[in-house]
Asker: 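Dropping a structure here in structure tokens format, bear with me for questions.
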Protein chains: 2
Amino acid sequence: MGGQPGFRMTPQRQAVLDAVRDAPEHLTADEVYARVRAELPRISLGTVYRSLEELVHRGLIGRVQGGGAQRRYDRSTDVHCHARCLACGRVDDTDVEGVDLRKLVASRVPGYRVVGCGIELVGYCPRCVKAGHAEPRG
Amino acid sequence: MGGQPGFRMTPQRQAVLDAVRDAPEHLTADEVYARVRAELPRISLGTVYRSLEELVHRGLIGRVQGGGAQRRYDRSTDVHCHARCLACGRVDDTDVEGVDLRKLVASRVPGYRVVGCGIELVGYCPRCVKAGHAEPRG
DNA sequence: CTAGCTGCAAAGTGTTTGCGGCTTA
DNA sequence: TAAGCCGCAAACACTTTGCAGCTAG
């Protein structure tokens, strides 16, 4: 647990890590920024971006593969499936029946060296369905 | 087949459609732009973006779900899997054993209305493996 | 002392949009 | 003629980066 040389878990990084870990869904950098500012009002957006990438690089958080416009971050670094809302962009974890994720990660693509995978279901989240937003972008 | 009211298949749109259909891999807007300019040197990047979105909207091409920075476009609108290269960003079609795509599209996520899905394998493409680029971003 | 980190602001990258003019049904 | 489209350039949204000062080891 001693960490790695030259890496400091500063208050800023801890706050970013906590924000990602405490969120039930997967946050964008902006959303992390908003949450962290409650605790550290002088933190900059640049620091949030740098911290997120650093934490991904250290394996402490994951980055969501899925294809929304914005990048999202994930408290889990395990392979799992995501559900993404086309109306509001929200991303949640989910399960998919009949898909063996371990097998999937072990998939072979001719000539490729495969190192990971992502499954994404796209649709409309409960909130947007109820709000009648179940149409793409208006 | 008759097309829809108020939609014109202009030379620009045809060229964009052809570029997407003729490419073995999935192109970014920029790559489409470069190809189309060979034929229509005065076309603008804005027109390429507008045409691509229009063609997606008409169901003539697909948009790649996967999570690269740039959006990519796909000659097929069917559900299928993609392999994405972490080094060069290239996206190819691929197959995955043991995954029933029809079942996957029919997946249920509690509360969600699911309308599509994407499976993406990430790794390093043959060219980048051979070139020794099989490390993320340098 | 010095490697590492931060806030700030400017620069990048990829995409969208407003507008005047052109084109085609 | 009018609806639709185009090229151009400016505007946008998100992310990255250069820099000077601060901080912890």
Side-chain angles (χ1 to χ4, degrees), chain A residues 2-17 19-20 26-34 36-37 39-58 60-61 63-73 84 88-91 136-138, chain B residues 2-17 19-20 26-34 36-37 39-58 60-61 63-73 84 88-91 136-138:
Chain A
Q4 297 182 24
F7 176 76
R8 298 185 200 159
M9 183 54 85
T10 62
Q12 288 88 342
R13 289 174 175 177
Q14 188 64 56
V16 167
L17 179 57
V20 173
H26 303 324
L27 304 180
T28 63
D30 242 33
E31 290 164 346
V32 171
Y33 180 51
V36 167
R37 282 223 284 184
E39 193 185 334
L40 300 172
R42 298 190 49 76
I43 197 174
S44 75
L45 187 54
T47 296
V48 170
Y49 274 103
R50 276 188 287 225
S51 299
L52 285 168
E53 285 307 300
E54 188 64 38
L55 293 169
V56 170
H57 195 241
R58 301 278 160 184
L60 297 175
I61 59 177
R63 196 157 47 189
V64 174
Q65 299 289 358
Q70 285 167 271
R71 205 168 279 177
R72 285 175 181 274
Y73 295 88
R84 181 164 58 85
C88 71
R90 176 190 178 96
V91 175
R137 305 182 165 234
Chain B
Q4 297 182 25
F7 176 74
R8 298 185 200 158
M9 182 54 85
T10 63
Q12 287 87 345
R13 288 175 178 176
Q14 187 65 54
V16 167
L17 179 56
V20 172
H26 303 325
L27 305 180
T28 63
D30 243 32
E31 291 164 346
V32 171
Y33 181 51
V36 167
R37 282 222 285 185
E39 193 185 337
L40 300 172
R42 298 190 49 76
I43 196 173
S44 74
L45 185 56
T47 296
V48 170
Y49 274 104
R50 275 188 287 225
S51 300
L52 286 167
E53 285 307 301
E54 188 65 37
L55 293 169
V56 169
H57 195 241
R58 302 278 160 182
L60 297 175
I61 59 176
R63 198 158 46 190
V64 174
Q65 301 289 355
Q70 288 168 269
R71 203 169 280 176
R72 286 177 181 271
Y73 295 87
R84 181 163 59 85
C88 71
R90 176 191 177 95
V91 175
R137 304 182 167 237

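Here is how names work: the chains are called A, B, and so on, in the same order as the sequence lines, proteins then strands, and each is numbered from 1.
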Asker: Quickly work out the A:R63 CZ to D:dT15 C1' distance and round it to whole Å.
Answerer: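 Between C1' of D:dT15 and CZ of A:R63: 12 Å.
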Asker: So, taking the atom named CD1 in A:I61 and the one named CG in A:L52, what distance separates them when rounded to the nearest 0.5 Å?
Answerer: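 Output value for this atom pair is 5.0 Å.
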Asker: List, with names and distances, any nitrogen or oxygen atoms from the protein found under 3.5 Å away from nitrogen or oxygen atoms belonging to nucleotides 12-15 of chain C.
Answerer:
| residue | atom | partner | partner atom | Å |
| --- | --- | --- | --- | --- |
| C:dG14 | OP1 | B:Q70 | OE1 | 3.4 |
| C:dT15 | OP1 | B:R71 | N | 3.0 |
| C:dT15 | OP2 | B:Y49 | OH | 2.3 |
| C:dT15 | O5' | B:Y49 | OH | 3.2 |

Asker: Does B:V20 reach the side chain of B:L55, with side-chain heavy atoms less than 4.5 Å apart?
Answerer: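 A side-chain contact under 4.5 Å is absent here.
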Asker: Going by the rule side chain to side chain contact (heavy atoms under 4.5 Å, CB included), which residues pair with A:Y49 if we only count those two or more places apart in sequence or in a different chain?
Answerer: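 Residues passing side chain to side chain contact (heavy atoms under 4.5 Å, CB included) with A:Y49: A:A29, A:L45.
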Asker: Tell me, please, which residues at least two apart from B:S44 pass side chain to side chain contact (heavy atoms under 4.5 Å, CB included).
Answerer: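 B:T47.
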Asker: Is the shortest side-chain heavy-atom distance between A:Y73 and A:L27 below 4.5 Å?
Answerer: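 When only atoms from C-beta onward are counted, A:L27 and A:Y73 do not touch, as no gap falls below 4.5 Å.
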Asker: Considering residues at least two apart in sequence or located in another chain, which fulfil the salt bridge (Lys or Arg N to Asp or Glu O under 4.0 Å) criterion with B:R50?
Answerer: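 Expected list: none.
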Asker: Quick one: what's the B/S/- string for nucleotides 1-7 of chain D, heavy-atom cutoff under 4.0 Å, read 5' to 3'?
Answerer: --BBSSB
Asker: Is A:R71 salt-bridged to A:E53, going by a charged N under 4.0 Å from an acidic O?
Answerer: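 Between A:E53 and A:R71 there is a salt bridge, with a charged N closer than 4.0 Å to a carboxylate O.
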Asker: What pairs with A:R58 under salt bridge (Lys or Arg N to Asp or Glu O under 4.0 Å), at least two apart in sequence or on another chain?
Answerer: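 Salt bridge (Lys or Arg N to Asp or Glu O under 4.0 Å) check on A:R58 returns A:E54.
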Asker: What is the distance from OH of A:Y33 to C1' of C:dG7, rounded to the nearest Å?
Answerer: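 About 10 Å, once rounded to whole Å.
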